[in-house]
Amino acid sequence: MRVVKPHNELTGIAVSPGIVIGRAYLVDRRKVRPLERYIDPETVEDEIKRFHDALEKSREQLLDVKKHYEVNNLGEYGYLVDVHLLMLNDQMIVRDTERMVRDELHNADWALWQVMHKIKEVFSGLDDEYFRDRQNDIEHLGDRILQNLVGLRLKKISDVREDVIIIAHDLSPMDTAQMDVKLVKGFVTDLGGRTSHTAILARALGIPAVVGLEKVTDVANGGDLIIVDGVSGQVTINPSEEEIERCYRRREKYFQFHRELESYVSLPAATTDDVKVTVRANIELLDELANLEHYGAEGIGLYRTEFMYINQDKLPTEEEHYQTYIKVAEAVSPLELTIRTLDLGGDKVAHTVPMEPEMNPALGLRSIRLCLHERDIFKEQLKGILRASVVGNIKMMFPMVSGVWELEKALALVEECKAELDARGVAYSDDMPIGAMIEVPSAALIADRLAKKLDFLSIGTNDLIQYALAIDRVNEHVAYLYEPLHPAVLQLIEMTVKAGERAGIPVSVCGEMAGDELYTLVLLGLGVRELSMHAASIPVIKRVVSHASTDEAKKLARKAIGMSTAVEVHEYVEQYVRAKYPGLLDPLGDETPNGEEKLV
Ligand code: PEP
Ligand code: MG
């Protein structure tokens with residue numbers, strides 16, 4: 001019998017370009033929806049054995065989790081696992097499921113699902129808050145047993161063995177960092193925004209991705225054929241023949257567009273009036289070093305070192321820091337490497353660094369605040385960077401500085417580390433440039449005062465926009481308000497650039513805005529002369545720069561900054577860029593994934 005699979009088209013936020021087609025691989029644990037089936041009376045015992053095997057497997061997994069907690073000094077959370085282990089022995093779950101299989105000839109998956117449902121209902125009706133809260137535990141445990149019953153539990157990202165498209169409710173940066181780029185051809189998620197670190201990593205790894213789809217895990221099933229269009233944000237589940245052909249044509253156009261940009265790779269970026277713009281790369285993982293030359297990066301403007309902590313069993317030592325930074329600095333030498341000190345928090349979590357769950361992690365003990373709190377962990381890194389600085393091309397910058405007091409505390413720690421290295425007779429460079437990221441509005445407003453104590457500034461627009469506009473950068477529901485061209489954001493950027501000019505120190509932009517061709521002219525016009533971005537964007541940004549004059553960019557920026565709304569600025573800038581660079585913003589032409597074809 002031919003099974004007709006549901007066809008679906010969803011639109012989300014395109015966060016990593018590229019167009020791929022492949023089979024879905026569901027990693028979302030909440031996805032199991034058992035079907036009601038009746039079994040042959042002769043297979044009752046087999047079905048019950050299958051259920052007990054799933055219970056046993058669940059027990060083993062829970063014991064493994066408990067062991068993992070203990071090994072990673074998280075033993076105090078073991079009680080969470082104990083609750084599940086106790087429930088696993090609950091006679092009601094075991095007995096009632098067995099009864100439904102034996103007496104009603106229901107398949108075990110369906111029987112278990114029904115039983116868990118009933119238990120949950122009982123708990124939800126209780127007055128006691130503690131017991132009401134146990135509903136979640138029941139749901140999680142039920143999911144686990146069900147996954148083992150249907151064999152889904154094994155679907156972890158690290159277990160992927162063939163080409164797939166990952167489908168998940170949400171992916172953390174740690175999940176993304178684990179992806180094998182040779183096998184994971186793309187991914188799509190229900191949650192997420194363009195500047196979430198999951199999205200940033202996807203671009204760094206070159207994996208096409210669409211996030212914020214809201215319900216992709218509801219409509220896609222493991223094994224479905226899926227088209228991920230990381231340019232338009234369109235995701236097509238079980239596409240028709242025609243859609244598949246269109247996908248291949250769009251893919252070819254996409255490659256063609258990038259081939260045409262290759263001529264810009266080896267050229268420096270300079271405007272038509274000969275003003276040089278330095279274009280550097282952001283990196284997260286050491287694997288990315290191999291790409292830098294390929295895309296024509298003029299150094300590394302942002303090395304996000306938190307990925308040395310994420311997915312690790314133990315904290316990096318001073319020596320490991322030193323060895324890593326030397327390796328990266330030598331790989332880009334004689335060009336510059338800007339190492340950003342540890343920026344954990346928000347959507348980046350490392351189990352080895354003590355971090356309490358917080359109500360508002362983006363506004364909590366994160367980034368430099370966390371480092372000033374966990375001084376010993378921070379000092380290991382500072383000493384590693386100081387030691388590596390002897391190679392000569394290293395700069396260091398602090399993230400999320402919100403004021404002078406915080407900066408002074410961080411600088412004092414650097415002095416403390418130098419004194420400790422002196423005492424040990426270990427060499428370091430005394431004049432390694434030190435800068436700060438401007439990503440909190442307060443820092444932009446007092447950039448003059450910060451600049452006096454620093455050698456450079458780097459604007460982190462991802463967070464600057466988040467904090468200036470009060471938009472959680474990882475929340476897909478407010479993604480429509482995340483507008484880099486908001487006049488308030490432009491003013492904060494301009495203030496920072498001017499403060500740098502007055503202090504005679506360079507100012508760069510290293511947020512995602514720097515790598516988006518729509519914003520290049522505005523940034524140029526605001527006086528930015530250094531940009532740092534994910535490497536694959538470098539050729540297109542060089543192309544934009546080399547066809548513009550600083551004069552026209554200035555006029556554009558002046559007009560934009562004087563407008564009242566983000567929508568107005570966006571429309572104006574987009575129209576300008578479309579007219580000046582035909583085809584730049586939609587290189588794949590009119591053939592939108594679900595629109596009418598207009599091939600010429
Ligand atoms: C930024 O906030 O713009 C930035 C570059 O840092 P991150 O994205 O790592 O927070
Ligand atoms: Mg930031």
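Being a predicted model, the structure only gives us computed values, none of them experimental. Counting starts at 1 for both ligands and their atoms, in listed order.
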Take every heavy atom of M400, measure it against each atom of ligand 1, and state whether any distance is under 4.0 Å.
-> no
Any Lys/Arg nitrogen of R558 or E494 sitting under 4.0 Å from an Asp/Glu carboxylate oxygen of the other?
-> yes
Side-chain donor-acceptor pair present, Y303, E288, cut-off under 3.5 Å | no
Answer yes or no: is there an ion pair linking E358 with R366, defined by an N-O contact shorter than 4.0 Å?
-> no
Does ligand 1 have any atom sitting under 4.0 Å from a heavy atom of R473?
-> yes
Can we say E406 and K409 salt-bridge, meaning some charged N sits less than 4.0 Å from an Asp/Glu carboxylate O?
-> no
Electrostatic pair E318:K379 at N-O distance under 4.0 angstrom = no
Which atom of D463 is nearest the Mg ion (ligand 2), counting N, O or S only? It is OD2
Atoms of ligand 1 less than 4.0 Å from G511 heavy atoms?
-> 3 (O), 5 (C)
Answer with yes or no whether the side chains of Q323 and E319 bring together a donor and an acceptor at under 3.5 Å.
-> yes
Does at least one non-hydrogen atom of I459 fall below 4.0 angstrom from an atom of ligand 1?
-> no
CD/E439 to CG/L457 distance, rounded to the nearest 0.5 angstrom?
-> 12.0 Å
At a 4.0 Å threshold, what atoms of ligand 1 neighbour a non-hydrogen atom of E439?
-> 1 (C), 2 (O), 4 (C), 6 (O)
Applying a strict 4.0 Å limit to heavy atoms, is M437 in contact with ligand 1?
-> yes
Taking atom 5 (C) of ligand 1 as the point of reference, which of M533, Q466, R304 owns the nearest heavy atom?
-> R304
Numbered atoms and elements of ligand 1 in range of I200, under 4.0 angstrom, heavy atoms | 8 (O)
Basic-acidic side-chain contact under 4.0 Å: E284, K348 = no
If you count the atoms of ligand 1 from 1 in the order shown, which ones are under 4.0 Å from a heavy atom of L302?
-> 5 (C)
So, does T317 use its side chain to make a donor-acceptor pair with the main chain of E320 at under 3.5 Å?
-> yes
Heavy-atom proximity to atom 3 (O) of ligand 1, picking from N462, I465, L464, points to N462
Does any N/O atom on R366 come nearer than 3.5 Å to any N/O atom on ligand 1?
-> no
Check ion pair D448-K498 (N to O, under 4.0 angstrom) | no
Pull out every atom of ligand 1 sitting under 4.0 Å from any heavy atom of D463, numbered as shown with elements.
-> 1 (C), 2 (O), 3 (O), 10 (O)
Enumerated ligand 1 atoms positioned under 4.0 Å from heavy atoms of H197 | 7 (P), 8 (O), 9 (O), 10 (O)
Which N, O or S atom of E439 lies nearest to the Mg ion (ligand 2), by name = OE1
Heavy-atom contacts with D343 under 4.0 Å: which atoms of ligand 1 show up? List them by number with element.
-> 9 (O), 10 (O)
Would you call R473 and E512 a salt bridge, using N to O less than 4.0 angstrom?
-> no
To atom 6 (O) of ligand 1, the nearest of M513, E306, R340, K348 on a heavy-atom basis is R340
